[in-house]
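Computation of the quantities below employed the complete heavy-atom set of this structure, encompassing side-chain atoms and omitting hydrogens, waters and symmetry-equivalent molecules.
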Amino acid sequence: MMELDKLIQNPKIIAEVIKTLPPIHTKVLDEVYSHKVNHPFQQIGIKEVQDVTGAVPVVRRGAPGVPVSGGDASISYIEPQPIKVTDSVTAVDANNLKSMGTQGYRAFMAQKLDILRRKIKLTTEALAAQSLTGKISYPIRLENGQNDTYEVDFGAPLSYTPSKTWDSADLRTVFNQLVEIEAVLQEEGIANGVTFWAGKSAFMELVGKVQNLNTNTVPRPSVEGNKINLFGYTIEMVNQKYRLPDGTLKPVVPDNQIVAFDKNAGFTLFYLAIDNFKAGLQAVPMFISSYQTQDGSSYVIQAESKPLPVPIVKAICWATVLS
């Protein structure tokens, strides 16, 4: 166990092992929250969030804040809830790996670390996906073992109601709707480069219209994989889902809706300081630590992160395009 013990508790080696793992691609984190900031404290000021979003977020039960005089209206700090996941390495595992030496230990560690980082990343992706609605509402487990909900409300994003849904509209009408949605964002002073994501049913409805087009329109609308080019506008099908702790799957974009956003508006993913002395109380995207169980039969490996995705709600516009 001694060799594995040294590897597990060596931050440098853990970092080296993690670097060998393939990247985990996540739609919202990769394409919306490309701007990431390590925040030096375990709490973030309401004013800092307001500076990013232009609005004051509302903190609800289960999302701890630091009140100045009591009540949500007077909360001056948000304390994002940490994500903590664990796995174990038993003495039996270590004995079975003895014959494989250091390389075997590293390969075993890589497998364990890969599972932990995926859980951290996918949970962060779920928070980021929820944030596009203007509100994070995620189940949490309190210290007393009871369940609660972690909520941060950043305000309502913009919305657009089409005069015709896509099942009854022609392509010209759909194009005009995209122009109008872009104009809704432009009225907020945001629309330097609008991205359109469509749910599966909405996208397939549009695919059918493009494929059935019999005119010699130039430029002709085209379908390439999961993207449609409609007279200069690109609509991408986003069929990804995120998973809640109870196993429920939620779509990033509901089937009958589209969402338009300006990814250059300043969407920011904050990583706040980890509440762990081994981490030096510093902010990092993910911190790995370990400890031996009291009976000495195993090591527990723990991964933790404290992310807060902060959306720009005035740079997001939702529309229901199918009835």
Side-chain angles (χ1 to χ4, degrees), residues 9-16 18-19 23-24 26 28-30 32-60 62-69 72-86 113 116-117 119-131 135-136 138 140-143 150-155 263-291 301-313 315:
Q9 300 201 63
N10 188 321
K12 182 178 179 181
I13 292 177
I14 288 175
E16 290 174 357
I18 289 176
K19 284 182 180 179
I24 303 170
T26 48
V28 182
L29 289 176
D30 294 349
V32 182
Y33 285 99
S34 57
H35 183 222
K36 299 174 175 63
V37 175
N38 289 345
H39 193 278
F41 303 109
Q42 84 277 17
Q43 300 156 341
I44 185 168
I46 292 291
K47 180 65 166 61
E48 291 179 77
V49 175
Q50 184 182 8
D51 288 344
V52 174
T53 64
V56 177
V58 177
V59 182
R60 304 191 188 281
V66 179
V68 182
S69 59
D72 282 346
S74 60
I75 284 177
S76 56
Y77 293 92
I78 302 172
E79 183 176 358
Q81 293 297 288
I83 303 169
K84 291 184 181 180
V85 293
T86 61
L113 293 173
L116 293 174
R117 74 180 182 124
K119 289 181 178 180
I120 292 283
K121 186 75 177 284
L122 294 178
T123 302
T124 308
E125 171 74 357
L127 298 175
Q130 285 191 344
S131 77
K135 179 180 179 180
I136 293 172
Y138 198 81
I140 62 168
R141 179 68 61 85
L142 302 178
E143 290 183 1
Y150 165 48
E151 291 190 1
V152 184
D153 193 339
F154 297 97
K263 65 177 64 177
N264 298 317
F267 293 84
T268 303
L269 176 62
F270 289 97
Y271 287 108
L272 281 85
I274 302 294
D275 299 319
N276 191 314
F277 284 113
K278 291 182 180 179
L281 305 179
Q282 298 298 307
V284 290
M286 182 179 70
F287 178 70
I288 304 289
S289 60
S290 63
Y291 57 90
I301 305 175
Q302 178 173 283
E304 52 189 311
S305 181
K306 196 184 282 189
L308 179 67
V310 176
I312 311 300
V313 291

Considering only heavy atoms from C-beta outward, does the side chain of Gln130 approach that of Lys135 to under 4.5 Å?
no
On a heavy-atom basis, which atom in Phe154 and which in Leu308 lie closest, and how many Å separate them?
CZ-CD1, 4.3 Å
Taking the side chain as every heavy atom from C-beta outward, state whether Thr268 and Ile312 have any atom pair closer than 4.5 Å.
no
From NE2 (His35) to CZ (Phe270), nearest 0.5 Å:
7.5 Å
How many angstroms lie between atom CG of Leu269 and atom OG1 of Thr124, to the nearest 0.5 angstrom?
7.0 Å
Tyr138 and Thr123, any side-chain heavy atoms less than 4.5 Å apart
yes
In terms of heavy-atom contacts, Asp275 and Glu304 come closest through O-OE1, 4.5 Å
Could you report the tightest heavy-atom contact between Leu116 and Ala303, atom names first, then the distance?
CB-CB, 3.9 Å
What is the distance from atom NZ of Lys119 to atom NZ of Lys84, rounded to the nearest 0.5 Å?
15.5 Å
Rounded to the nearest 0.5 Å, how far does CG of Leu29 lie from CD of Glu125?
4.5 Å
Counting N and O atoms only, with roles assigned by atom type, does the side chain of Lys121 sit under 3.5 Å from a partner on the main chain of Ile24, one being a donor and the other an acceptor?
yes
Kindly give the heavy-atom pair with the smallest separation between Gly155 and Val313, and that separation in Å.
O-CG1, 3.4 Å
If you define the side chain from C-beta out and look only at heavy atoms, does anything of Ser290 sit under 4.5 Å from Ile14?
no
Rounded to the nearest 0.5 Å, what separation is found between the CZ atom of Arg117 and the CE atom of Met286?
7.5 Å
Using the rule given for side-chain contact (heavy atoms from CB on, under 4.5 Å), can you reason through Ile274 versus Val284, listing the C-alpha separation, both sets of side-chain angles and the distance that settles it, and then say yes or no?
CA-CA 7 Å; Ile274 302 294; Val284 290; 4.0 Å; yes
Nearest 0.5 Å please: distance from the OG atom of Ser305 over to the CD atom of Gln81.
13.0 Å
Which atom names give the shortest non-hydrogen contact between Ile83 and Pro307, and what distance separates them?
CD1-CG, 3.7 Å
Under the side-chain contact (heavy atoms from CB on, under 4.5 Å) rule, collect the residues that match up with Ser131, sequence neighbours excluded.
Tyr33, Ile136, Pro309, Pro311
Looking at every heavy atom in both Ala265 and Ala315, which two are closest together, and how far apart are they?
CB-CB, 3.5 Å
By ring pair (Phe, Tyr, Trp, His ring centres under 6.0 Å) - contacts of Phe287 (at least two apart):
none
